[in-house]
Every structure is written in C-alpha cells, then in structure tokens.
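Dropping a structure here in structure tokens format, bear with me for questions.
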Amino acid sequence: MNSSDLCQRLRVSESQFRKICQHLKIAAADDIQRTFTPREIQRLQHFVETRRSAAGKKNATKIKSRTPTRDSTTPPKPTSSEKPRVIEQTVSTKPAPVKKSVETTALPVRTSTESESKTPEVVAGLPESETAPVLMRAIAYVIDALLTMILGPLVLIPILGQILIGLILCCYWLFRDAAGASPGKLLLGLQVSNNSADPARVGPRILRNIPLCIGPFLFCIPIIGFVIGVPVAILVVLTEVGMLLITGRRIGDLLGDTSIKTVPKVRLVSE
C-alpha cells in the first residue's frame, strides 16, 4: 500500500500524512511508489484513530460547557396541588412565551452540526522517541552479525568464494539500515533517526555503515584477503564500541549525523 492509498484510507491530506510520518520516523513519506509495511500501516492507523478520538472528546467537553444552565430566577414548574392557584394568578397576565424552550431544543442541533464540520487536528501532541540504550544496540549488532554465518559454505569455493563473501558482506553492512532499521534493530524495536537531515533520506543511513565495510572490502583481495581483512574488521568493531561507550555515538553515527531511537510503543484500542 503506497502513500496515496494510505491518505485515502486514513482520511488525511498529504501534508498531514507527511508530518505524521516524519514524527513517527517512518521513512520515504514523499515517495509515491514506496510500499509501507504492515507494521507501519498499523502504527499510522492507531495514531490517527487516537488523535481523532481525543479531539472528539475535547469537542464534546466544549459542547457541554456551552449548554445554557437554567436561570435561577425562573420559577419552578407548578405541582398538581398548586394548579388551581397558578390558574388564578395567570388569568390577569399574558401566557408565558415558549421562545426559550424552542431555543434550548434547537441548541444541540446547531452545535452538533458545528462539531461535525470541524476536522480534528491529528498532528498536535505527537509522541516522542527515546535514545536507545547501549546494551540494546550491542545486542542488535550481534543479531546482525549472526545472520552473516549463512555465508560460511562459500569458504569451500577457492578464491571465488572468498571474493563473493567480501562483496556480499560489503553490501549487507552498507545497506542494512537503508529501510530505517537492520534486522536486529527491528527485533528489538529500534530505528535509525536522521538528526540534521530529512528523516526520509536514505543517504545518512548508508553513510553511517561505511566503517563496518572496510574489513569485508579487504576480503575481496584473493588469497591474502582474510589475513588482512579479519584483523582490520576486529579493530574497526573495537573502535566503534569504544566510541559508543565513551561518547554514546559511534564513528558511523558521527559520519551520517544519525542516532538510534526506540520505536514508540502503542496499544491497539478498539473503537
């Protein structure tokens, strides 16, 4: 499902849809051909429903506060025992006008029409994401590294297998966050956030993984690639871990000006 279909389904304009995607850190909101995942569609639907429900409650409170209260000077309705007395008193006076009762019955109709014509704002009060802990980032990296073990059988192919391993690992580490999060981050509910650029841009998410591609790139050198590439890859990982523990951001985060955020947890509420 692309952006146009989601705008029609959620009944929001393109500008509102773009603001919601930017706040929820959902990438490629301006790309018409971009297909949204079921998780992203679920998050967007719940957010819009929550904001519209809150706006509806707020309008109901305003309508209730605008309803006129009974005037303290208005005499109470006569009881059955007082009817003869009321008849005697009203013989010489004019009948009470019914204009007030007509106004009070017409008031709810007017306010309900007014409330239906108002479009609830779905951008106000957006939830904020939090910076991911270092431990969660380390676990996500271990999960991503374990996925590369499926390339082990290629070692049995002389020379060509080594080159293929280097090329595949380079592409894997370079583009693992292109969709907003790597497999390990998706499992732990993390996402890559662009600090100074448009959240929908893919460039910073690719640039942050360049240091991790140095070791796999050296694997492409025939025969001596593993001898050189493995120590370099270990050195790069240790350097990244040290920077992460000291500054809270690794070298790749500084290159791409990115940070890792936790995905806001939402609870499905049935209307």
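Only a predicted model underlies this, so the values are computations on that prediction, with no experimental measurement involved.
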Suppose we screen for ring pair (Phe, Tyr, Trp, His ring centres under 6.0 Å). Which residues come up paired with Y172, at least two apart in sequence or across chains?
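Applying ring pair (Phe, Tyr, Trp, His ring centres under 6.0 Å) to Y172 gives none.
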Is a donor from one side chain sitting under 3.5 angstrom from an acceptor on the other, for N194 and T258?
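Short answer, no.
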Please write out which residues are connected to L190 in a hydrophobic cluster, directly or through intermediates, given that two of Ile, Leu, Val, Met, Phe, Trp, Tyr count as joined at side-chain heavy-atom separations below 4.5 angstrom.
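Traced through the cluster, L190 reaches L135, M136, I139, I143, L187, L188, V192, I260.
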For P222, all residues meeting side-chain contact (heavy atoms from CB on, under 4.5 Å), sequence neighbours excluded:
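If we apply the side-chain contact (heavy atoms from CB on, under 4.5 Å) test to P222, skipping adjacent residues, the hits are I159, I163.
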Any side-chain heavy atom of K185 sitting closer than 4.5 Å to one from P183?
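No, side chains not in contact.
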Any salt bridge (Lys or Arg N to Asp or Glu O under 4.0 Å) pairs touching residues 213-238, not counting sequence neighbours?
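Qualifying pairs: none.
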Which other residues belong to the hydrophobic cluster containing V142, where Ile, Leu, Val, Met, Phe, Trp and Tyr are joined when side-chain heavy atoms lie under 4.5 Å apart, directly or via other members?
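Same cluster as V142: L146.
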Side chains of V48 and R43: closer than 4.5 Å at any heavy-atom pair?
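A side-chain contact is absent here, since even the closest heavy-atom pair is not under 4.5 Å.
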Pairing residues for F217 by the ring pair (Phe, Tyr, Trp, His ring centres under 6.0 Å) criterion, not counting sequence neighbours
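For F217, no residue satisfies ring pair (Phe, Tyr, Trp, His ring centres under 6.0 Å) once neighbours in sequence are set aside.
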Within the 4.5 Å heavy-atom criterion, are V202 and D177 side-chain neighbours or not?
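No, too far: nothing below the 4.5 Å cut-off.
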Taking only residues at least two apart or on different chains, which pairs with a member in residues 134-146 satisfy salt bridge (Lys or Arg N to Asp or Glu O under 4.0 Å)?
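Output for this query lists R137-D253, D144-R176.
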Output all residues satisfying side-chain contact (heavy atoms from CB on, under 4.5 Å) with I224, sequence neighbours left out; order by chain, then residue number.
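So I224 forms a side-chain contact (heavy atoms from CB on, under 4.5 Å) with I221, I228.
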By side-chain contact (heavy atoms from CB on, under 4.5 Å) - contacts of L156 (at least two apart)
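Residues passing side-chain contact (heavy atoms from CB on, under 4.5 Å) with L156: none at all.
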Would you indicate whether the side-chain heavy atoms of P204 and D257 approach each other to under 4.5 Å?
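No. Closest side-chain heavy atoms not under 4.5 Å.
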Could you pull out all residues at least two apart from I210 that satisfy side-chain contact (heavy atoms from CB on, under 4.5 Å)?
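Residues passing side-chain contact (heavy atoms from CB on, under 4.5 Å) with I210: L174, L207.
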Filter on side chain to side chain donor-acceptor pair (under 3.5 Å), then keep only pairs touching residues 224-241, sequence neighbours left out; what's left?
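Listed once each, the pairs are E240-R250.
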Qualifying side chain to side chain donor-acceptor pair (under 3.5 Å) pairs with a residue from residues 216-226, counting only residues at least two apart or across chains
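Pairs touching residues 216-226 that pass the test: none.
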Should L235 and L218 be regarded as members of a common hydrophobic cluster, given that ILVMFWY residues are connected when their side-chain heavy atoms come within less than 4.5 Å of each other, either directly or indirectly?
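As far as the 4.5 Å side-chain criterion goes, L218 and L235 are not connected within one cluster.
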